[in-house]
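See below for the structure under consideration.
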Amino acid sequence: MADFPARAVPAHVAIIMDGNGRWAAARGLPRAAGHREGAKAVRRTIEAAIAQGVRYLTLFAFSSENWQRPADEVADLTFLMKHYLRSELDELHARGVKLKVIGERERFGPALTGELEAAELKTAANTRLTLVMALSYGGRADIVQAARRAMQAGLKPEELTERNFAGFLSTEGIPDPDLMIRTSGEERISNFLLWQLAYAEILFTPVLWPDFTAESLAAALADYATRERRFGARPA
Ligand code: FPP
């Protein structure tokens, strides 16, 4: 599947998985059916990312704002995440996937929190793909908790730098995303990785998340490979 020179493959792809509800509505199905199909797309995308040589994949599975959805939809999503974790963990581990959860996981209750922590521990030594699951995640909250941690660490104002501040974020040790994809035609960042996306290439695709396939990822990577990244500098 090495369609592009290795240097053109983004090391870190981050995805806002949007459009499950519209996918279901278009078929006269309940929203939960869209989320279930979305979970299948998660599985496909992880496999495709591994095949393409992506090293870090961050998926926005639940935002801090998603708590405002009706209780039954929150329960459906929580159930789906629990079910997904239980049914997929062994295979993810066998494939060399390291799971890392960012966000306020404890809001999902002690049972899921414990399972997520056990999954992180089990996969901690894997190196093929780091799968970052953003759960009850908000970019602003991430920055605020980083500021708190920096203060708790006793850093003086003049000692704070962009580099050491990044080490207090939930993504400590993970390179910033090279490519951010949002599905479903919506063109917003929606409080995703606000600090970390500073120089990411951004791709908005009309594909609804449940329809996202290995080919969709390949098309996104092909588009990325044509972009000229300058990081604010002038072209050579
Ligand atoms: C956005 O669609 C999607 C979500 C809020 C949740 C994403 C969840 C999954 C992909 C499935 C479960 C996740 C895992 C990790 C197994 P939307 O409901 O906002 O769609 P809409 O904008 O069309 O209503």
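Remember, predicted model here, so these are calculated numbers, not experimental data. Numbering of residues begins at 1 and proceeds along the displayed sequence. Order of appearance sets the numbers: ligands from 1, and atoms from 1 within every ligand.
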Between ligand 1 and the protein, tabulate every N or O atom pair separated by less than 3.5 Å, reporting distance only.
unit_1, atom_1, unit_2, atom_2, d
ligand 1, 2 (O), G19, N, 3.4
ligand 1, 2 (O), N20, N, 3.3
ligand 1, 18 (O), R31, NH2, 2.8
ligand 1, 18 (O), R69, NH1, 2.9
ligand 1, 19 (O), D18, OD1, 3.3
ligand 1, 19 (O), R69, NH2, 2.8
ligand 1, 20 (O), G19, N, 3.4
ligand 1, 20 (O), N20, N, 3.2
ligand 1, 20 (O), G21, N, 2.9
ligand 1, 22 (O), D18, OD1, 3.1
ligand 1, 22 (O), R22, NH2, 3.0
ligand 1, 23 (O), G21, N, 3.3
ligand 1, 23 (O), R22, N, 2.7
ligand 1, 23 (O), R22, NE, 2.7
ligand 1, 24 (O), R31, NH1, 3.1
ligand 1, 24 (O), R31, NH2, 3.1

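Residue pairs that meet the salt bridge (Lys or Arg N to Asp or Glu O under 4.0 Å) test with at least one member in residues 212-222, sequence neighbours left out, do not exist here.
There is no side-chain donor-acceptor pair under 3.5 Å between W209 and S184. Side-chain contact of T171 with Q196: a donor-acceptor pair under 3.5 Å is present, judged by distance alone.
Comment: R95 engages E91 in a salt bridge, judged by a side-chain N to carboxylate O separation of less than 4.0 angstrom.
The hydrophobic cluster containing Y56 also includes I16, F60, I102, V132, Y137, I143, L155, L160, F165, F168, L169, I174, M180, I189, F192, L193, L194, W195, L197, I202, F204, under a criterion of side-chain heavy atoms closer than 4.5 Å among ILVMFWY residues, counted directly or through chains of members. Counting side-chain heavy-atom gaps under 4.5 Å among Ile, Leu, Val, Met, Phe, Trp and Tyr, V144 is found in no cluster with other residues.
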